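The structure under discussion appears below in the form of structure tokens.
So you know, we letter chains A, B, ... as the sequences are listed, proteins then strands, and number each from 1. Please read all numbers here as calculations on a predicted model, not as lab measurements.
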There are 2 protein chains.
Amino acid sequence: MAVLASFGRDRPSQNLSQIAHRTGLPISTAHRVVGELAEWGALERGDDGTWYVGLRLWEIASVCPRGQILRDVARPYMQDLYEGTHENIQLAVREGTELVFVERIAGHRSVDLMTNVGDRFPLAATGMGRVLLAHAPADIQDAVLGEPLHAYTSHTVTDPRTLRAQLTRIRRDHYLVSDRQLSETTVAVATPVRIGTTGPVHAALGIVVTARGVAAARTLRDPLMRAAQGISVELGRRAGVD
Amino acid sequence: MAVLASFGRDRPSQNLSQIAHRTGLPISTAHRVVGELAEWGALERGDDGTWYVGLRLWEIASVCPRGQILRDVARPYMQDLYEGTHENIQLAVREGTELVFVERIAGHRSVDLMTNVGDRFPLAATGMGRVLLAHAPADIQDAVLGEPLHAYTSHTVTDPRTLRAQLTRIRRDHYLVSDRQLSETTVAVATPVRIGTTGPVHAALGIVVTARGVAAARTLRDPLMRAAQGISVELGRRAGVD
DNA sequence: AGGGCTGTTTCCGTCAGGCGGAAACATGGG
DNA sequence: CCCATGTTTCCGCCTGACGGAAACAGCCCT
């Protein structure tokens, strides 16, 4: 299990010694574990002898309800949204005090972001994260606001009181324009996705554009919120609520 | 490990007893294993007490080179292709004698297919599978052609000799129009994706349309092959070949 | 209320199979 | 040719996984 955990975005493929070193396991033990995982298909071996994550894991993960089902429902809406805007469309869920990207649509024309599906960020770091934070349980909010907030850019809100006020505003307005909080060159609009029209917040939908101004982002608000609405309703229908 | 394998598309969430029964493990053992997996994040528990695949697994799987990296590269091309056609765009790789879908783009307008990301099919069953089969090692081809071929529709090619001839034609033409082989209502165009312009075949790209005729599918051939070409070149560039 | 039923959780003594040190093996560069 | 680095195999020890059993928790039906 530790062996699987040693694979990350930064280290997509590694040799036996690296795995043993990273997990703290003796080489012979790592050798056996890797062999078992490989036999099952969770790991595969490249031509150069290094190990990488195999398709079996991909297959299992594809039935992850918080990933795949959400994706299946959201994808067509995101797709349509993309065609109307040609900007980066992103979908994320919360896990603990972190945000995890589960889907993204981007063609060749849109901004190149540093984020990928599967990536994690602190909730406070991104617009979508703040939307999720605004609707998270109190203990999660306290945990995030209790820690010092990292300033990614000169615009990042780092004062807990300001952030708390922003969370209140998000709950009132049902959307957020996040101006150069994570990167100096991007502005994001984000809005919650619920299960049904009034159910719990399940995910956040967002559009990321170049920082040519908040005004441009605002024009994207309505199509974004309409798409989120559509996803919410369909999720509710599938879950049998509303 | 058997516990993870017990989760499939047909069984996305199950309670402890079901897991124990499916894996053949005693309940107490299943209970412990599930607990460990849950603590790590590989499994999560729903409100109804059932277990489902968690986001940690999703995260690990997202660094699967045969899935994610391929997807990251192919996505924008598939996206552009979708916008030009508004048909189902699919990407698949081969694993053993099976085809695994790794990506799909479809908006609201396109046909509803029975296939999902992560699904597996026999290589001979689909157009994309036959493209992969045409470029698979000889032992794989022999294994597939040695078994009796299942007739999914009245049009399915089941004669090994005919299929072998088709494989030869695929290698010559670099594409295949597959007419109602898996379903009576769909026609597919498929073409290989290589690593670099002359490297090994790494995946298959395909478009699936309603069976309004082979002619319609043919018009999609050129944009499809251009997209596959683009993906191949970019994969090659990333892999440092060509 | 009571009892039966289904599913979950905890407990604990046993012992198989995982563990890892060490040595053999493989590769490749100086 | 030798040494460095990484991989694979071997095997004896011992620990922590195993699973039977019992307690626990809901839920439905009478």
Listed partners of B:Arg94 passing side-chain hydrogen bond (donor to acceptor under 3.5 Å, both in side chains), at least two apart: none

Side chain to side chain contact (heavy atoms under 4.5 Å, CB included) against B:Ala92, all qualifying residues, sequence neighbours excluded: B:Leu99, B:Phe101, B:Met128

Donor-acceptor contact present, side-chain B:Glu234 to main-chain B:Ile231, <3.5 Å: no

Between C1' of D:dG6 and CD of A:Gln14, the distance in whole Å: 15 Å

Degree of bending in the helix from C:dA1-D:dT30 to C:dG30-D:dC1 once both end axes are built from five pairs, to 10°: 40°

Residues within residues 25-42 of chain A bordering DNA chain D, heavy-atom distance below 4.0 Å: A:Ile27, A:Ser28, A:His31

For atom CG of B:Leu16 and atom P of C:dT10, their distance in whole Å: 12 Å

Side chain to side chain contact (heavy atoms under 4.5 Å, CB included) partners of A:Thr23, counting only residues at least two apart: A:Ala2, A:Val3, A:Ser6, A:Ile19, A:Leu25

Residues that A:Ala228 engages under side chain to side chain contact (heavy atoms under 4.5 Å, CB included), provided they are two or more places apart: A:Thr191, A:Val193, A:Leu205

NZ/NE/NH1/NH2 to OD/OE distance under 4.0 Å, B:Glu103 and A:Arg75: yes

N/O donor-acceptor pairs under 3.5 Å from side chains in residues 29-38 of chain B, not counting sequence neighbours:
none

Rounded distance (Å) that lies between atom P of D:dT7 and atom NE2 of A:His21: 14 Å

Side chain to side chain contact (heavy atoms under 4.5 Å, CB included) against A:Glu98, all qualifying residues, sequence neighbours excluded: A:Arg120

Return all side-chain donor-acceptor pairs below 3.5 angstrom for residues 131-152 of chain A, not counting sequence neighbours, or 'none' if the list is empty.
residue: A:Gln141; atom: NE2; partner: A:Leu133; partner atom: O; Å: 2.8
residue: A:Gln141; atom: NE2; partner: A:Ala134; partner atom: O; Å: 3.2
residue: A:Gln141; atom: NE2; partner: A:Ala136; partner atom: O; Å: 3.2
residue: A:Asp142; atom: OD1; partner: A:Arg164; partner atom: NH2; Å: 3.4

Listed partners of A:Arg194 passing side-chain hydrogen bond (donor to acceptor under 3.5 Å, both in side chains), at least two apart: none

N/O donor-acceptor pair under 3.5 Å between B:Arg130 side chain and B:Ala124 backbone: yes

Report each atom pair, protein N/O against N/O of nucleotides 3-5 of chain D, whose distance is under 3.5 angstrom.
none

Identify the pairs formed between an N or O of the protein and an N or O of nucleotides 27-30 of chain C at a distance under 3.5 Å, and give each distance.
none

Short side-chain to backbone donor-acceptor contact, A:Glu44 and A:Leu55, under 3.5 Å: yes

Test: B:Glu95 and A:Arg56 ion pair at under 4.0 Å: no

